[in-house]
There are 2 protein chains.
Amino acid sequence: MTMKDVALEAGVSAATVSRVLTGHAKVAPEKREAVERACRKLGYQPDGLAAALRNRSSQSIGILVPDIENPIFPAVIRAAEHELARAAVDVLLCDADNDVEVEARRLETLLRRRVDALLVCPVHVRDSAPALRAAAGKVPLIQLDRRALDDVDFIGVDPVSGMTQVVTHLRAAGAHTAVFVGRHGGMSSLVERARAFEDACALHGLRDRPTLEVPFPDGASGRACARDLLARGDLPDAIVCANDELAFGLLAELRAAGVRCPGDVLVTGHDDIRAAEYLGLTTVNQSLQDKGREAARLLRQPSGSPRHVRLTPVLVPRATTEVLGSPS
Amino acid sequence: MTMKDVALEAGVSAATVSRVLTGHAKVAPEKREAVERACRKLGYQPDGLAAALRNRSSQSIGILVPDIENPIFPAVIRAAEHELARAAVDVLLCDADNDVEVEARRLETLLRRRVDALLVCPVHVRDSAPALRAAAGKVPLIQLDRRALDDVDFIGVDPVSGMTQVVTHLRAAGAHTAVFVGRHGGMSSLVERARAFEDACALHGLRDRPTLEVPFPDGASGRACARDLLARGDLPDAIVCANDELAFGLLAELRAAGVRCPGDVLVTGHDDIRAAEYLGLTTVNQSLQDKGREAARLLRQPSGSPRHVRLTPVLVPRATTEVLGSPS
DNA sequence: CTGAAAGCGCTTACAG
DNA sequence: CTGAAAGCGCTTACAG
């Protein structure tokens, strides 16, 4: 079932069939119709691989994320996929398993498939750099959320805006001391967030205790951090978590220890993943959908000079920063 | 940068380069080395598209889900992706946007890319059938989670096992009456689940009230169902939700209305998505990872006769079915 | 063991 | 407007 069969059936040449299908050239109406009829009759389906080979463009892009189970990615992927589908660009999705070596292999795979561009959230700010650099040398590459290369397109959330909103909100809720929980040295986004938190504290008169680092920003680490803080005896007024999952784990452990929230301590997260609403977690919403759409936009208009896009997030106040007794 | 360049550099023919790279034929050691050296020197990267065209196999499969933001899919996709990567098979991911027409278009796209097989969770038990049927006629197709075609491979969770565990657990917790919330006529999995619930109730002496249908099984519907039940005045002892998100919404609404859980009512979910643990929701865990792996297995060994795989889920008791006063 | 040649299914410059 | 031909980058049967 190839173009040749269609040509035969329609009584024209393969070239004409191609012209009808691509629409890249004028074709006599009667031939056009003959071709269309033949296509339908035979149930012809063009071979995208052959077209890609010939066109030197696969009409596909690769998306590589550290862990597709991390709830911040599906929404971005979905938005990007839908946006790209409008331009007939397909998505090849790979998961790097939070492992720099798997990431490097996946990059090879994607390149071998001749993707036209790459959207990558690097596993590690430093260790991912070599493989990313090599890939960026071959196709347009956009870094998502985290950064490994300074001179390459990047799209992320504005940490200063987010942390400023959090800190002023906590101040308004009466907090005097706070701690940032969940910094991870390998993730540029969390490093920036911790830094922005410190700056905002200095600026708005919140005393910050030493930031807690984590081996990985997930629920288990949140629990561990809670135990840590509890062990030290005196909790700060507020605990600012680097992301929502950390906050969930932390809240669970706090509750198990009899610490109430709201009530005894204020807690915030970051990202506003779906579960945040159900748990009443105050958090910073970054529009994942906008990010996906923005990524699709950058992908479709490559540029010579690196672009750094920062989306502005929005604080979503919920129960975990409510002050008991005050009408909320 | 093609095979011809490598051949030139290595002083051999392109055929020999190909033989070295594929490993499909003996090559003299010195030539092999020359080729390998040339590849490294030139940073050669084979063109997978050209190979696919020639081999008539793209070494890729398509995965099509109704909504990648539905948390049950990423884990399955991830497991399948990793399993397939071991066989050098890549994944093309598409999202159908919970829309039968988008689904049909995506199926076309995937087929045009010449995927070797398809893993599809159908949007609708009946409306998805035609497009699925057409696709299944061209490549091996496996239905995931929901079914639209009876005579095509299917892999899902065993509803009888799950609902039996839920019902006996509720009985043991002292429930006499229960209601199933969240049936959706277009999703075979939820129809089966509702049916299995009724059967289990009959078998284990739980009085079941008329099942609540939903337009879509999400948090918003859960809230609506809660309002519905509240409006009727007398709540049953237990509310069995078709999935976790429904339960989250329902719990939020009940809480807002002053109904305590645990305390006043028992609530269960289904799937055990990550947030279930944080919310203390009793639910039915289906091993998403096993499902992904199983899917990858079926994909790699196509079969003449349709296979129906049912994974056995496991009840995970948590706070929402605790009986107050009893030590849990 | 190795090379020249054909061919996978398209598309487009070229000549008419 | 249309067809024959070349070519995208591989792979493999064929002949040596």
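A, B, ... follow the sequence lines: proteins, then strands. Residue 1 opens every chain.
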Taking only N/O atoms, report every protein-nucleotides 12-16 of chain C pair under 3.5 Å with atom names and distance.
| from | atom 1 | to | atom 2 | distance (Å) |
| --- | --- | --- | --- | --- |
| dT12(C) | O4' | R54(A) | NH2 | 3.1 |
| dA13(C) | N6 | R19(A) | NH2 | 2.8 |

Using whole Å, report how far [atom1] of [X] lies from [atom2] of [N].
X: R113(B); N: dC10(C); atom1: CZ; atom2: C1'; value: 14 Å
X: R56(A); N: dC10(C); atom1: CZ; atom2: P; value: 18 Å
X: L53(A); N: dC10(D); atom1: CG; atom2: P; value: 9 Å
X: L8(A); N: dG3(D); atom1: CG; atom2: C1'; value: 14 Å
X: M1(A); N: dC8(C); atom1: CE; atom2: C1'; value: 15 Å
X: K4(B); N: dG3(C); atom1: NZ; atom2: P; value: 15 Å
X: Q59(B); N: dC8(C); atom1: CD; atom2: P; value: 20 Å

Using the criterion of both pairing distances under 3.5 Å for Watson-Crick and G-U wobble pairs, give all stems of 3 or more consecutive pairs involving DNA chain D.
-> C:1-3 with D:14-16, C:5-12 with D:5-12, C:14-16 with D:1-3
Nearest 0.5 Å please: distance from the CZ atom of R114(B) over to the OG atom of S58(B).
-> 9.5 Å
With P as the reference atom in both, quote the distance from dC14(C) to dC10(C) in angstrom, rounded to an integer.
-> 24 Å
All heavy atoms of P71(B) vs all of I273(B), minimum pair found to be CG-CD1, 3.7 Å
Identify, between A50(A) and A25(B), the residue whose nearest nucleotide on DNA chain C lies closer to the 5' end.
-> A25(B)
Nearest-nucleotide check on DNA chain C, L49(A) vs V12(B); residue mapping nearer the 5' end is V12(B)
Should we say atom CD of E101(B) is surrounded by more than 12 heavy atoms from elsewhere, each under 6.0 Å from it?
-> no
Which nucleotide in dG3(C), dG9(D), dT2(C) has an atom nearest any side-chain atom of S13(B) | dG3(C)
Among dC10(D), dC10(C), dC8(C), find the nucleotide with the atom closest to the side chain of M3(B).
-> dC10(D)
Please state whether the phosphate of dG9(D), meaning OP1 or OP2, lies under 4.0 angstrom from any side-chain nitrogen or oxygen of Y44(B).
-> no
Under-4.0 Å side-chain N/O to phosphate OP1/OP2 contact, K26(A) with dT2(D) | no
Kindly determine whether D151(B) and R133(B) satisfy salt bridge (charged side-chain N to carboxylate O under 4.0 Å, His left out), including the steps that lead there.
-> CA-CA 10 Å; D151(B) 55 348; R133(B) 172 69 64 201; 3.2 Å; yes
Evaluate side-chain hydrogen bond (donor to acceptor under 3.5 Å, both in side chains) for Q59(B) paired with D90(B), printing each intermediate quantity in order.
-> CA-CA 6 Å; Q59(B) 288 289 95; D90(B) 299 334; over 6 Å; no
Considering only NZ, NE, NH1 and NH2 on the basic side and carboxylate oxygens on the acidic side, decide whether E81(A) and R106(B) come within less than 4.0 Å.
-> yes
Using the salt bridge (Lys or Arg N to Asp or Glu O under 4.0 Å) rule, pick out the option among K4(A), R37(A), R40(A), K41(A) that qualifies with E9(A).
-> K41(A)
Under the side-chain hydrogen bond (donor to acceptor under 3.5 Å, both in side chains) rule, what do S57(B) and D116(B) come out as? Steps first, then yes or no, please.
-> CA-CA 6 Å; S57(B) 155; D116(B) 298 328; 3.2 Å; yes
All salt bridge (Lys or Arg N to Asp or Glu O under 4.0 Å) counterparts of D127(A), not counting sequence neighbours | none
